[in-house]
Amino acid sequence: MCGIVGYVGYREAYPVLVKGLHRLEYRGYDSAGVALICNDGGLNVYKSKGKVAELERYAETQDVSGTIGIAHTRWATHGEPNDVNAHPHFSESERLAIIHNGIVENYALLKAALIENGYTFKSCTDTEVLVQLIEYVQTTNNCTLLEAVQMALRQVVGAYAIAIIEKGDPDRIIAARKSSPLVVGLGNDEYFLASDATPIVEYTNKVVYINDGEIAVIERHKPLRVVTLDNEESTLDVKKLRMSISQLEKGGYPHFMLKEIFEQPKTIVDCIRGRINVEADNVILSGVIDNRERFLRAKRIIIVACGTSWHAALIGEYLIEEWCRIPVEVEYASEFRYRNPVISPDDIVIAISQSGETADTLAAVELAKSRGAFIFGICNVVGSSIPRATDSGAYIHVGPEIGVASTKAFTGQVTVLTMLALTLARAKGSIEQPLYLQMLGELVRLPDLLEDVLRLNARIEDLSKIFTYTKNFLYLGRGYNYPAALEGALKLKEISYIHAEGYPAAEMKHGPIALIDSEIPVVVIATTDSIYEKTVSNIQEIKARGGKVLAIVTSGDQTVRNIADYVLEVPTVAEPLSPIVSAIPLQLLAYYIAVNKGRDVDQPRNLAKSVTVE
Ligand code: F6R
């Protein structure tokens, strides 16, 4: 949450910073701001409530010259979203300006001490405390900005990625990180700084990821230096980005979300590439094979995740238990980390996270690690914090996901979990060869199946109009499609703001059936599987009470067609892979309902893409 950008070099900084903010807007869009050192050494700060476009409108009449600057797009934690609480924040003397992503947990204590020392505060943010503290330390110790940052950060409890510039010093940005991401791009005689690589990739593909406890000293015409809080020099590990600019643009679609839904046939190809060898009849997830003995020794697997990734984890539980016969527990990372769970060195903990930065999932990983478990990450963003904290893992390789609602990451996560379960089951000898080969074939066929499903687009767009003014929805599914129902409900509520609940279909009669009337549409995933008849009975129960049913069925189904009000046909696929197929019409349905309601689909209210705060 919150995106930070910085630039120092030979270009005008403002256009670089604003473009970078647009790329990071998915991380928060409550307010935006920029600080620039102009050519006479003066420090200008411009900020405004609302999206980056508001900042741009405001800055049209301001002096935005200068070749060094920092900028911020905010997801509010401390203090309401308004102009005053927007970053950058000045220090008391307005000599320093700071941007910050994270939370200072002991800010109240620090603030009280600073007030006692005569400091005054304009905003309600924890960030202003940081910059005041740094100025206070620098003034009282008469030291350099770097030394002040090192001393001040030792007093700070919490998470931060910060960048600071100083009036009269047009050559230097000091940036530091603890538990919030920070990456420096190395150009030719210029440097870029950002929360992730998306603002950097159009200028350079060389980056250095800053580690926890490190401070980057970014100086014009000088090599990048990275030091610790104790001033020890770190060795630079320069990485090459494999991202392209076209991946960061809408490519003719009205929203990133729609683009990302339509990318899924291709992202599944990218996800399975090099991992399935059809000639050798093999699925190989190297992160599992390289740690074969460790996986074979596992008495239990715990999967930790949040939101959509947690829904993928539930499917992972079914897959692994079915084929590998290893007990699996799925945990919300936020609960796991705070409830003293039983974890033994024989456990494997799988952390699933698109962004690789979710604070709760990262904390759950650290907890499990401290208790000796082996940690396997399933992430999308290469080089992000979770993959760097794990023992092994597999990227889903679906490319940057920019729409706040997760779509292609979900299908990528389930695909990787399927490959993980197959790899492990074969290593254990717990899966029959014909079943293994059937699943391998289904994985290879999946991109074509998804192309077929996407042909429902126009029909779903039409159908969505019926539901524009609906106030509540229920989503039901059973078995592998129960998590898909949860995911469908989450998609709808987060982008359309319509209340929606997902349930296992059989749980209906234990309570939710009381909600059924002619006003509440019930979306039922009723594809032909081992519990199809049971699901049909559940649909009958809804119809008997006057409910309206929109059913996702397998192509050619007549039974459900005869009882449901609306049906969407999806191609036949093996049951364990069916949630990947059923997820897509549910994504499209949520998308079009939100568009009909005029919602901001890619940037829904109150949300941010990476939840880097607790
Ligand atoms: C929903 C959504 C969120 C994320 C959750 C975890 O569409 O995107 O529920 O799935 O915040 O994020 P990651 O996967 O980045 O850890």
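All ligand and atom numbering here is 1-based and tracks the order in the structure.
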Residue, atom name and distance, where the atom is the protein heavy atom closest to atom 2 (C) of ligand 1: Thr308 OG1, 3.7 Å
Identity and distance of the protein heavy atom lying nearest atom 7 (O) of ligand 1: Glu494 OE2, 2.6 Å
Presence of salt bridge, Glu329 and Arg300, under 4.0 angstrom: yes
Gly356, Gly307, Ser309: member with heavy atom nearest to atom 14 (O) of ligand 1: Ser309
Distance-only donor-acceptor check, side chains Tyr253 and Glu263, under 3.5 Å: no
Polar side chain donor-acceptor pair, Thr125 to Asn85, under 3.5 angstrom: no
Neighbour count >12 (heavy atoms, 6.0 Å) for atom NZ, Lys49: no
Donor-acceptor contact present, side-chain Arg371 to main-chain Leu367, <3.5 Å: no
Element-labelled atoms of ligand 1 that are located less than 4.0 Å from some non-hydrogen atom of Ala405: 7 (O)
Contact partition for Lys491 relative to ligand 1, non-hydrogen atoms under 4.0 Å: side chain
Closest protein heavy atom to atom 6 (C) of ligand 1, given as residue, atom name and distance to 0.1 Å: Cys306 O, 3.3 Å
Minimum-distance protein heavy atom relative to atom 12 (O) of ligand 1: Thr358 OG1, 3.4 Å
Test of ring centre spacing under 6.0 Å for Phe376 and Phe295: yes
Min N/O separation Thr361 to ligand 1 under 3.5 Å: no
Ligand-side contact atoms (ligand 1) for residue partner Ser353, heavy atom cut-off under 4.0 Å: 13 (P), 14 (O), 15 (O), 16 (O)
Between Asn380 and Ser355, a side-chain donor and acceptor under 3.5 Å: no
Val404 near ligand 1 by a heavy-atom separation under 4.0 Å: yes
Backbone or side-chain N or O of Gln413 under 3.5 Å from ligand 1 N or O: no
Atom 11 (O) of ligand 1: nearest protein contact (heavy atom, Å): Val611 CG2, 3.9 Å
Nearest-neighbour protein heavy atom for atom 15 (O) of ligand 1, which is reported as residue plus atom name and distance: Ser355 OG, 2.6 Å
Nearest non-hydrogen partners of Ser384 and Gly356, listed with the distance: OG-CA, 3.3 Å
Note: Glu507-Arg478 ion pair, threshold 4.0 Å (strictly below): no
